[in-house]
Amino acid sequence: MDSVKYIFVSGGVCSSLGKGIAASSIGALLESRGYKIQMLKVDPYLNIDAGTMSPFQHGEVYVTDDGAETDLDLGNYERFTSTKITKLNSITTGQVYKEVIERERKGHYLGKCVQVIPHITDEIKRRIKLVAKDVDIVIIEIGGTVGDIESVPFLEAARQFIIDIGRENVLFVHLTLIPTITAAGELKTKPTQHSVQKLREIGIQPDILMCRIDQEMSSDMKKKISLFTNVESSAIISAVDIKDSIYEIPVDYENKGLTDVIIKKLQLHKDKVTDLTRWNKLIKILKNPETEVRIAVIGKYIKLQDSYKSIYEALNHAGYYNHAKLKIVKLDSEDITNESVITLLGDVDGVLIPGGFGERGVEGKIIAAKYARENKIPYFGICLGMQIMVIEYARNVLGFNNANSKEFDPDTEYPVVNLLEEQEYVDDKGGTMRLGAYQSVIVPNTRMFAAYKSDSLSERHRHRYEFNGKYRKEFESKGLIISCTTEGEKLVEAVEWPQHPFSIGVQFHPEFKSNPFDAHPIFRDFICASINKRGKV
Ligand code: GLN
């Protein structure tokens, strides 16, 4: 192909319509048709990255191999496509302005008045083009909603692509909502019309409309939307709510002709054939589970669907691998007490404690870990979940009264979890944790070794605290198994309980590397052990 094509995915009417999943599905479909793609997320907020935002504000922070702290949609890109996501795949307003202002201070624009157009838009275009290497198509998801004040420079830059590289090389997909007004029992197209008008004000005529709707759109409705928006009926796709799994979405879009419309509009080769075999196989498995398994996930943001996104997805992947339907029991750690734990965890088959920061809810997690250890319930601790395992073992097996992490009790007598040495003089909060992929060594004859079937691993990290090596001998003499360390045994990366059906605590975040076709080995074995536990009840 002579030139790279660009697909911009914008959203209208309201947020949370699933733009990330729509963009990821487009990516998956184009890959299935034999194209090489790249995916990129533009976030119009002023933060440099998502790392400093609370899960309340932003949902999960997704970490890449190269240590970028990004939006959770980037996780969907990696789960749906084979794209390798790096720092370059995430652009925020903060990054763009920082770069332009730093250049201005160096005298780069000497004599000129620095402006949104062209300087900010040029920088946005430069960053988008950075990922356009060795690929046929770049898909750019524009965060936020059309009409947001922060989105304007990004939409403006997108519009300029038409002049820069030609209309046939740029495609605009706009995702909107067709709400049902319950009282009248009517579907309303007006918000979609208005949202497209907003886009057209900026000079962008969408090529494809994807309409979130709770039932299939009638052809009359498509014709009406077409008249008002200037998008032909065949390019208006009803993005109907899918019941069982997000992984059904690409096949649904393919069946509705989405890929064909994209191919036609971008003037791509028509003779390539789609191969959706693996997607169809996955759907068959997830629709026909052979068993069910109940997993408790214990966190303090548990009421927010997006806070543990990659954890839930990785659990689902492991469920598919084991042909099991997963019932995730979401528990708020602050509800767990010595009294409530039996009721709350009494009928679960496995307990997972994910990552987290700050003291709130920690004691409930420690009680849950004790219950899982003593009652031989499969346990999987991730990052903070591993540190909880260590604190609980110190208090209840080693007899270290009030042992704790220095994060939660800086004056504790037994700081069994301590600040990483490299963090001691770090004051800034943004991008300063131990971040990204590191190699570690796996100890033979452990559950970790059985899972990875290898003596080394590379996993992504995001933490400031670690197992305190000073107490290692005491822990080991009381049976705690250290099953993974960094090279030279400097940092402890994984621990396991002795005489327990399944327990692994890891300092890293394996959930970021799981995908529906290749469940992560620890999640896979954890679900398998939980199914076995259920069988024994
Ligand atoms: N708060 C802990 C730390 O900084 C755990 C971090 C996490 O769970 N991601 O080490």
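The analysis underlying the following values was restricted to heavy atoms, covering all of them including side chains, and did not include hydrogens, waters or symmetry mates. None of these values were measured; they are calculated from a predicted model. Both ligands and their constituent atoms are indexed starting at 1 by order of listing.
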Distance-only polar pair, side chains of Arg460 and Tyr62, donor-acceptor under 3.5 Å: yes

Shell of residues surrounding ligand 1, defined by a 4.0 angstrom heavy-atom cut-off that is strict: Gly355, Gly356, Phe357, Cys383, Leu384, Gln387, Glu407, Arg462, His463, Arg464, Tyr465, His509

Between Tyr379 and Phe502, does the ring centroid distance fall short of 6.0 Å? no

Ring centroids only, cut at 6.0 angstrom: are Phe467 and Phe475 within range, meaning strictly under it? yes

Is the closest basic N to carboxylate O distance between Arg126 and Glu123 below 4.0 Å? yes

Could you tell me if Glu459 and His520 have a donor-acceptor pair between their side chains, going purely by distance under 3.5 Å? yes

Can you confirm if the NZ or CZ of Arg434 lies within 45° of the ring axis of Tyr438 and under 6.0 Å from the centre of its six-membered ring? yes

